[in-house]
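This report concerns only the one structure given below.
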Amino acid sequence: MTLPAIDFFSPSPEVARRLIGSTLLVDGVGGRIVETEAYDREDPASHSFCGPTPRNAAMFGPPGRTYVYQSYGIHWCLNLVCREAGHGAGVLIRAIEPLTGLDMMRARRGLDDVRLLCAGPGRVGQALGITREHNGLAIAAPHFELCPASGPVQVICGPRVGISKAVEQPWRFGLAGSRFLSRPFG
DNA sequence: CTTAGGATCGCCT
DNA sequence: GGCGATCCTAAGC
């Protein structure tokens with residue numbers, strides 16, 4: 001029994017919840033999404049809060065595409081754009097349970113521990129080989145594979161991580177009981 | 001042109 | 001729990 005495909009025109013918290021349990025591959029490497037965060041316009045913690053800029057342009061583009069940004073000059077982080085074009089909403093992929101292409105991910109990360117391969121947005125980017133070249137691409141395009149969960153998924157939520165504003169919004173979502181989260185839920 | 005700071009990570013104590 | 005890495009962006013002068 002397969003759930004319907006994710007509607008990226010939906011509000012970002014809804015998409016973030018729906019993405020939990022989905023399988024994401026980039027050039028055949030990846031696994032099951034176990035942690036996401038939603039961001040939206042009118043959200044002080046969002047890159048889109050101050051309006052469109054060259055950097056966040058993809059976030060104001062069509063839904064169902066990627067928004068890739070670099071964090072702290074080091075880490076590449078992957079988002080999926082939500083809502084209608086021009087709105088400025090997205091979902092940050094924070095953690096993945098590694099399933100496919102383990103050796104490739106180990107090589108890219110320089111680690112053996114499967115638990116740490118994709119436990120955090122920067123780690124996800126490194127393990128999946130995400131770079132600026134991946135910014136603004138359709139998630140339905142050849143290099144990507146996104147398959148909805150094949151059954152019911154138990155999702156938990158809590159406050160987002162690593163932000164100083166709008167911390168109270170419980171827009172972080174996770175797969176209940178997963179050992180591949182970037183950190184436990186409160 | 002200059003500058004401050006960030007949706008993080010890894011290593012230190 | 002704290003801090004340095006490391007670089008790009010955006011805003012200010």
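Numbered from 1 within each chain, the chains take letters A, B, ... in sequence-line order. All values reported here derive from a predicted model rather than from experimental measurement.
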Q | Under the salt bridge (Lys or Arg N to Asp or Glu O under 4.0 Å) test, residues paired with A/R160 that sit two or more places apart | A | A/D43

Name the pairs: protein N/O against N/O of nucleotides 5-7 of chain C, kept only if under 3.5 Å.
from: C/dT6; atom 1: O2; to: A/Y72; atom 2: O; distance (Å): 2.9
from: C/dC7; atom 1: O4'; to: A/G73; atom 2: O; distance (Å): 3.2

Q | For DNA chain B, the residues among residues 120-139 of chain A that have a non-hydrogen atom under 4.0 Å from it | A | A/G120, A/P121, A/G122, A/R123

Q) Using a cut-off of 4.0 Å on non-hydrogen atoms, how would the nucleic acid contact of A/R109 be classed: base, sugar-phosphate, or nothing? A) sugar-phosphate

Q. Which parts of residues 87-107 of chain A get close to DNA chain B, meaning a heavy atom less than 4.0 angstrom away?
A. A/L92, A/R94

Q. Which stems, defined as runs of 3 or more consecutive Watson-Crick or G-U wobble pairs with both pairing distances under 3.5 Å, involve DNA chain B?
A. B:1-6 with C:7-12, B:8-12 with C:1-5

(Q) Check whether A/R32 reaches the backbone of A/E97 with its side chain - one donor and one acceptor, N or O, closer than 3.5 Å. (A) no

Q. Looking at residues at least two apart in the chain, or sitting in another chain, which of them share a salt bridge (Lys or Arg N to Asp or Glu O under 4.0 Å) with A/R106?
A. A/D103

Q. Which parts of residues 35-48 of chain A get close to DNA chain C, meaning a heavy atom less than 4.0 angstrom away?
A. none

(Q) For residues 118-136 of chain A, which residue pairs pass the side chain to side chain donor-acceptor pair (under 3.5 Å) check, not counting sequence neighbours? (A) A/R109-A/Q126

Q) Which is the 5'-most and which the 3'-most nucleotide of DNA chain B that has an atom under 4.0 Å from a heavy atom of chain A? A) B/dG6 to B/dG10

**Q.** Nucleic acid contacts of residues 54-64 of chain A, taken as heavy-atom distances under 4.0 Å to DNA chain C
**A.** A/P54, A/R55

Q) Can you pull the side chain to side chain donor-acceptor pair (under 3.5 Å) pairs that have at least one residue in residues 65-77 of chain A, sequence neighbours excluded? A) A/H47-A/Y67

Q | Within residues 154-162 of chain A: residues closer than 4.0 Å to DNA chain B (heavy atoms) | A | A/G162

